[in-house]
There are 2 protein chains.
Amino acid sequence: MLTISQLASYAGVTVRAVRHYHQIGLLPEPERDRSGYRRYGAHAVVSLVKIATLADAGVPLSEIADLVKADQETFAAAVQRIDGRLRDEIARLERSRTSIAELAAGDALLLPPEVVAYLDRLRELGVAGPVLDGERDGWIIMAARWPDRVREWMPSKLASLDDPRIVRLYQVLSLLFDTRELDEPLMAEAADLMAELAEQAYEAGYNTQEESAEDEVPFDLLELLALETDPRAQRMVELMRERGWDGWTRLEKVPPTKG
Amino acid sequence: MLTISQLASYAGVTVRAVRHYHQIGLLPEPERDRSGYRRYGAHAVVSLVKIATLADAGVPLSEIADLVKADQETFAAAVQRIDGRLRDEIARLERSRTSIAELAAGDALLLPPEVVAYLDRLRELGVAGPVLDGERDGWIIMAARWPDRVREWMPSKLASLDDPRIVRLYQVLSLLFDTRELDEPLMAEAADLMAELAEQAYEAGYNTQEESAEDEVPFDLLELLALETDPRAQRMVELMRERGWDGWTRLEKVPPTKG
DNA sequence: GCTTGACCCTGACGTAGCGTCAGCCCTTCA
DNA sequence: TGAAGGGCTGACGCTACGTCAGGGTCAAGC
C-alpha cells in the first residue's frame, strides 16, 4: 500500500493537491490505517494520473469530476470544447505577445503602427514636448475603443502633414507649450493658422468623411485632455472663439466674440 | 469630467476592476465631487488603458505598478521577461492541446503512441477484459513517471508478440480473468507458460537490458495493481512460486515450493 | 528507553483579480 | 413623488491549491 506522498509522487503532483482532490470529492477518500493515515492502492495512482493530466491541460476540476465517469461520446464532445478553449487562449496569448513585442520600441503597445508612424513623422518635423505627448495620449484614448476607425483615418492624417501650414501650426504649438510663458503674439499666429485651416476644411465639407463617427468619438474628452494638460489651452480656445470657431479637436463655426 | 463607469467603458474594463486598481494603489484615487462620487480627468483614461493593456497581456498587477513608472531601460528588460513567460505559457498550452487532441481516440491522453500501438496489437490478438485493462493501467502508471524509458521499451515489447507462446499466455490469462470461476487446469497452463518464458529470459540475461531501471521502476506497485484487480492473481503468484519464480511483473528465481 | 528527523493529520488563512451581493445615498426624469 | 439608474463602502465568493500552526506517528540510531 502507498502513503499519500508516494501516491502524489507517482502522479507528479503535490500532497496538498491530493488532499484538495479528496476535499472536493474528485478523488475518493481511501481507507485509513490504525493511526489514521490514508492508505492507497494502485488504482488510485491511475485515477490520480488521469485527473492530473486533465488538470494540467487546463480543464477545471469541476469538469474533471464529470469527465472521468463520462461515456465515450460525452467525453469526446467535452474534449472538443476543451480544445476550443485552449485554441482561444493560445490565440489570445499570441496577440498579447505581438503587442508586447512591439512595445519594446516605444508607444506601439498602446497604438497601432499607423499611429506610431504618424507620431514619428511629427517628431521628425520638430514637434516635441507636451504637444507630442498630448497628441499621443489622445490617440491612445481613441485607439483603445475604435482601433479600426483610427487606422482608417491615419493615411489622410499623414498626408495632411504635407501641408506646410499644418506643420507650422504644430511647430508653433510646440514652442508655445514647451515654455512656461504666455507668448501672446505666437498664440495669435497659431490661432490664425488654425482658423484658416478650419475655414478651408469647412468649405471642403470636412465632416462628410467622419459623419458617422460624430456621435461616438469623445471630442469632449480630447478637449478635456488638452485643458487638463495645460491651462494655456483655455486661452487658445478663447482666441479661436474670437475668430468664430468653437472647440479644440473638432472646430465648429460660431458667431465670433470680441477679443 | 468622467464618472467611473464612463472611464471604465473608455478603457474597456469593468467598474469593479477600476475600483480594484484604486484599492491596490495601481491607479491613483481621483478627486470626489460633493456627493462623494469619483470624478476623472482625461489622463486617467490614458493611465487606465496602459494598465488594462498590460494586465490583458498577463502581466501581474504588482509588476504593472513598477512598470508604468519605470524608465525605458528597465521597461525593455521587463518586456523581455514578460515575453518569455508568454512564450512558455503558449508552449505549455500547445502541449496540452496535442495531448487532448490525441485523447479523442482513447487512451492516448495518458499514454504515448507506442504504448497505444502495443495495446491495440494485444486487442487484435484477442486480449480483452480485465487483463487488457490491467495492462493499460500498468502502463499508465509507468508512463506518468518514466515516459521516455517506456517508449524505449516498446519496440522489444511489440516484437515479443511475435512469439506464439507469449500470445497464448495473454489469451489464456484473458480467458482466466474474464469469468468468475477458478479454472485450475487453465491456470496451470498459464503458469507453465510463464515459467518457461521466464527461464528463457533468465538464460538470455534479460536483466542486463533493464538493470539501471531496477531501482526506480515500481514493480511492487504493478504487482499490487494486479492483486487489487483480482484476488485470483494471488493464486497465480502461488503457482509460480511452486515453479521457482517469485513476483508478477518481474520474476525472480527462488527455491520452488511444494504444490 | 530516548531522541531525532521524516511523515502524517486537521484546520485555517493567504494568494490574484476581480464578480457579486447587500445596504445605503444621489440624481434625474416622468 | 416615486421609480430607475447610477455611485458608495464593505464583505464574502471563486480557483487551485501554498503555507503555516499545532499536533500525532514511525523508523532509526544512541
Side-chain angles (χ1 to χ4, degrees), chain A residues 1-27 29-40 44 47-68 82 85-86 89 92-93 96, chain B residues 1-41 44 47-68 82 85-86 89 92-93 96:
Chain A
M1 303 297 277
L2 305 171
T3 68
I4 194 169
S5 64
Q6 288 172 321
L7 170 71
S9 106
Y10 278 133
V13 303
T14 66
V15 170
R16 181 65 178 90
V18 176
R19 287 205 262 252
H20 183 63
Y21 298 154
H22 287 319
Q23 211 173 348
I24 63 174
L26 187 50
L27 192 66
E29 282 275 2
E31 309 270 289
R32 305 295 182 108
D33 67 11
R34 68 191 185 292
S35 23
Y37 291 13
R38 293 179 180 85
R39 289 297 171 169
Y40 298 89
S47 302
L48 184 54
V49 166
K50 286 181 185 172
I51 292 170
T53 307
L54 286 166
D56 197 57
V59 182
L61 299 188
S62 52
E63 286 182 36
I64 296 181
D66 305 336
L67 226 57
V68 289
I82 293 163
R85 287 205 300 248
L86 280 177
E89 182 65 8
R92 214 184 58 80
L93 292 181
S96 292
Chain B
M1 301 295 277
L2 305 172
T3 68
I4 195 170
S5 64
Q6 288 171 324
L7 170 71
S9 105
Y10 278 131
V13 302
T14 66
V15 170
R16 182 64 179 87
V18 176
R19 288 205 262 252
H20 183 62
Y21 298 154
H22 287 319
Q23 212 174 347
I24 64 175
L26 187 50
L27 192 66
E29 283 274 2
E31 308 270 290
R32 306 294 182 110
D33 67 11
R34 68 191 185 291
S35 22
Y37 290 13
R38 294 179 178 85
R39 289 297 169 169
Y40 298 90
S47 302
L48 184 54
V49 166
K50 286 181 185 171
I51 292 171
T53 306
L54 286 167
D56 197 57
V59 182
L61 298 188
S62 52
E63 285 182 36
I64 296 181
D66 306 336
L67 225 56
V68 289
I82 293 163
R85 287 205 299 248
L86 278 177
E89 182 64 9
R92 214 183 58 81
L93 291 180
S96 292

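Order of the sequence lines sets the chain letters (A, B, ...), proteins ahead of strands, with each chain counted from 1.
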Visitor: Using the side-chain heavy atoms of B:Val15, tell me which of these nucleotides is nearest: C:dC18, D:dG7, C:dC9.
Guide: D:dG7
Visitor: Under 4.0 Å between a side-chain N or O of B:Arg38 and OP1 or OP2 of D:dT9?
Guide: yes
Visitor: Under 4.0 Å between a side-chain N or O of A:Arg32 and OP1 or OP2 of C:dT10?
Guide: yes
Visitor: Has the side chain of B:Arg92 got a donor or acceptor atom that lies under 3.5 Å from a matching backbone atom of A:Asp56?
Guide: yes
Visitor: Where is the tightest heavy-atom contact between B:Val13 and B:Ala52, given as atom of each residue plus distance?
Guide: CG1-CB, 3.6 Å
Visitor: Which residue lies toward the 5' end of DNA chain D, A:Gly58 or B:Ile4, if each is placed at its nearest nucleotide?
Guide: B:Ile4
Visitor: Measure from CD on A:Gln23 to P on D:dC14 and round the result to the nearest Å.
Guide: 13 Å
Visitor: Select one nucleotide: of D:dC17, D:dT25, D:dG6, the one nearest the side-chain heavy atoms of A:Leu61.
Guide: D:dC17
Visitor: Would you please confirm or rule out a distance under 4.0 Å between OP1 or OP2 of D:dG7 and any side-chain N or O of B:Thr3?
Guide: yes
Visitor: Measure the distance from CD1 on B:Ile24 to C1' on C:dT15 and round it to the nearest whole Å.
Guide: 13 Å
Visitor: A:Asp33 or A:Tyr21: which one's nearest nucleotide on DNA chain D is closer to the 5' end?
Guide: A:Tyr21
Visitor: Give a yes/no answer on whether the side chain of B:Arg34 brings an N or O atom under 4.0 Å of OP1 or OP2 in C:dT27.
Guide: yes
Visitor: Take atom CZ of B:Arg39 and atom P of D:dC8, then tell me their distance rounded to the nearest Å.
Guide: 9 Å
Visitor: Does C:dC9 have its OP1 or OP2 closer than 4.0 Å to a side-chain nitrogen or oxygen of A:Ser35?
Guide: no
Visitor: Without decimals, in angstroms, what is the distance between B:His22 NE2 and D:dG10 P?
Guide: 15 Å
Visitor: Rounded to whole Å, how long is the line connecting atom CD of B:Glu29 with atom P of D:dC8?
Guide: 9 Å
Visitor: For D:dG7 and B:Ser5 - does any side-chain N or O of the residue sit under 4.0 Å from the phosphate oxygens OP1/OP2?
Guide: yes
Visitor: May I have the distance from B:Gln6 (atom CD) to D:dG5 (atom P), rounded to whole angstrom?
Guide: 17 Å
Visitor: Would a distance-only check, ignoring hydrogens and angles, find a side-chain to backbone donor-acceptor pair under 3.5 Å from B:Glu63 to B:Pro60?
Guide: no
Visitor: A:Leu54 has an atom CG; how far is it from atom P of D:dA16, in whole Å?
Guide: 12 Å
Visitor: Is B:Arg38 close to B:Arg32 at the side-chain level, that is, under 4.5 Å between some pair of heavy atoms?
Guide: yes
Visitor: Check the phosphate of C:dG19 against B:Thr14, side-chain N and O only, distance under 4.0 Å to OP1 or OP2. Yes or no?
Guide: yes
Visitor: Rounding to an integer number of Å, can you tell me how far A:Arg16 CZ sits from D:dC20 C1'?
Guide: 12 Å
Visitor: Measure the shortest side-chain to side-chain distance between B:Glu89 and A:Glu89 over non-hydrogen atoms and say whether it is less than 4.5 angstrom.
Guide: no
Visitor: Using only heavy-atom distances, decide whether a donor-acceptor pair under 3.5 angstrom links the side-chain of B:Arg19 to the base of D:dT9.
Guide: no
